[in-house]
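A short write-up of the structure that comes next.
None of these values were measured; they are calculated from a predicted model. Letters go in sequence order (proteins before strands), and every chain restarts at 1.
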Protein chains: 2
Amino acid sequence: MAQRGRPRSFDRTAALRQAMEVFWQKGYDNASMADLTAAMGLNPPSLYAAFGSKEGLFREAVTLYAETEGQGIWEGIAGAPTARAAMAHLLEATALAYTSGAEPRGCLIVLGAPQPECASPAIRDDLKKRRLDGVRILEERLERAVTEGELPNHADCAAIANFYATVQHGMSIRARDGASRETLLAVAGGAMAAWDRLAT
Amino acid sequence: MAQRGRPRSFDRTAALRQAMEVFWQKGYDNASMADLTAAMGLNPPSLYAAFGSKEGLFREAVTLYAETEGQGIWEGIAGAPTARAAMAHLLEATALAYTSGAEPRGCLIVLGAPQPECASPAIRDDLKKRRLDGVRILEERLERAVTEGELPNHADCAAIANFYATVQHGMSIRARDGASRETLLAVAGGAMAAWDRLAT
DNA sequence: CATTTTATGTATCGATTGATAAAATAAAGC
DNA sequence: GCTTTATTTTATCAATCGATACATAAAATG
């Protein structure tokens, strides 16, 4: 039943959380194994035995990020009573999340590997896919609003989704530049000021 | 009159342009001196003699970028007949610029060193300052519109400038994710759909 | 001419990169 | 206690990082 050999002496999830923080702060390429082992409190062989490689560690860190930090932002999309409320929730939750800590940080998925020629094309493509998945989630919510009569049949759901996703991505940059919670909430309000025109 | 010693055998501006392309594609940290010397066609001592350091080379590359690629975007702000036209020009020129090449690239100033803990804090701060300068340019144009009567006295110029700057930053991410010209122009249109509400 | 000055090409510097080999150690099954 | 299995520690691997020492080549100066 129980493992045969010596059990590991560290909390795998706690170590992963530390790795996530390092990647969040430095990005995939700039985070060195020395940075990671120091923050996680491990020696390199323990890290490689538990996570396989730097790529594997990053993938798990991003998954953890999506399940924790990202959940509060995206979980409310489907459940929102209207598409308008869904978009407003997306941007307001983003503004709150990006300014919740002592220093604004932006999104790991947006900023973790932004270069087209990154050290790991697989990592770059994985983050890109996650970003595009976000756009698609918005688009599907808008299409549902068409079937429900909230939006007219001729509404350009793809364009509306692209607009709100773009604003959300831009908030990551603004957060890293030190934008306050009030500033980001004002950005969210500005984007929602376009709703009536976009929805008709 | 003429230089004393042996003249350099390469075109400094052409070499700088090549360096700009490498930095644009890879970012500051991921662009290695080997990448740069290969693209510029120089040996390392020639590069260091001409540009001082990797930091110095990047600074000059960013200045060249701002004077060439960025000019078409920002030069029209002051000259636009109205603040509304200025914002529309900003976003439309950005959409065109980010999709002018074979592959969409986004902005070097937004994407060149996005990590809070970058290899060079000076580079990071320089790009951040340039981004904030952009926000300020928009705000000043909006404030001018207040004095000229285009906008009411109670208009929140800072909030409006932040909104349009955020959209423009987000377009860099969307461009790197492969957004088409039509998509980015639709984003610009979406942002302008908010104007009437923001301006009253 | 010789001297001075600057640029170039070759080879390489110490430091750091991601990733391991080898040996020591600890816990579970028999 | 003994074997088995896995983890931990120590030390280090080849490759690459940004940056240079050195000797040579080419122009202006005297």
Of A/Arg8 and B/Glu55, the one whose closest DNA chain D nucleotide lies more 5': A/Arg8
Comparing B/Met33 and A/Phe10 on DNA chain D - which has the more 5′ nearest nucleotide: A/Phe10
Please state how far atom [atom1] in [X] lies from atom [atom2] in [N], giving the value in whole angstrom units.
{"X": "B/Asn30", "N": "C/dT16", "atom1": "CG", "atom2": "P", "value": "19 Å"}
{"X": "B/Arg4", "N": "D/dG30", "atom1": "CZ", "atom2": "P", "value": "7 Å"}
{"X": "B/Tyr48", "N": "D/dA21", "atom1": "OH", "atom2": "P", "value": "12 Å"}
{"X": "B/Phe51", "N": "D/dA19", "atom1": "CZ", "atom2": "P", "value": "14 Å"}
{"X": "A/Lys26", "N": "C/dG18", "atom1": "NZ", "atom2": "P", "value": "10 Å"}
{"X": "A/Leu47", "N": "C/dT20", "atom1": "CG", "atom2": "C1'", "value": "13 Å"}
{"X": "B/Met40", "N": "C/dG9", "atom1": "CE", "atom2": "C1'", "value": "17 Å"}

Of B/Leu42 and B/Gly5, the one whose closest DNA chain C nucleotide lies more 5': B/Gly5
Given DNA chain C, 5'-ward residue of the pair A/Asp29 and B/Pro44, judged by closest heavy atom: B/Pro44
Per B/Pro45 side chain, nearest of listed nucleotides C/dT25, C/dT20, C/dT8: C/dT8
Residue B/Arg6, side-chain heavy atoms: nucleotide from C/dT6, D/dT8, C/dG9 that is nearest: C/dT6
Touch class at under 4.0 angstrom, heavy-atom based, for A/Ala50 against every strand present: nothing
Sugar-phosphate, base or nothing in reach of B/Ala119, heavy atoms under 4.0 Å: nothing
B/Tyr164: which of B/Leu138, B/Leu142, B/Val135 passes side chain to side chain contact (heavy atoms under 4.5 Å, CB included): B/Leu138
Salt-bridge criterion met for A/Glu60 and A/Arg12 (N-O under 4.0 Å): yes
Phosphate OP1/OP2 of [N]: any [X] side-chain N/O under 4.0 Å:
{"X": "A/Asn43", "N": "D/dT9", "answer": "yes"}
{"X": "B/Ser9", "N": "C/dA7", "answer": "no"}
{"X": "A/Ser46", "N": "D/dT7", "answer": "no"}

Hphob cluster co-occupancy, B/Phe51 + B/Leu108, side-chain heavy atoms under 4.5 angstrom: yes
B/Arg176 and A/Gln115: side chain donor to acceptor below 3.5 Å: yes
Test item: side-chain donor near acceptor, A/Asn43 and A/Ser46, under 3.5 Å: no
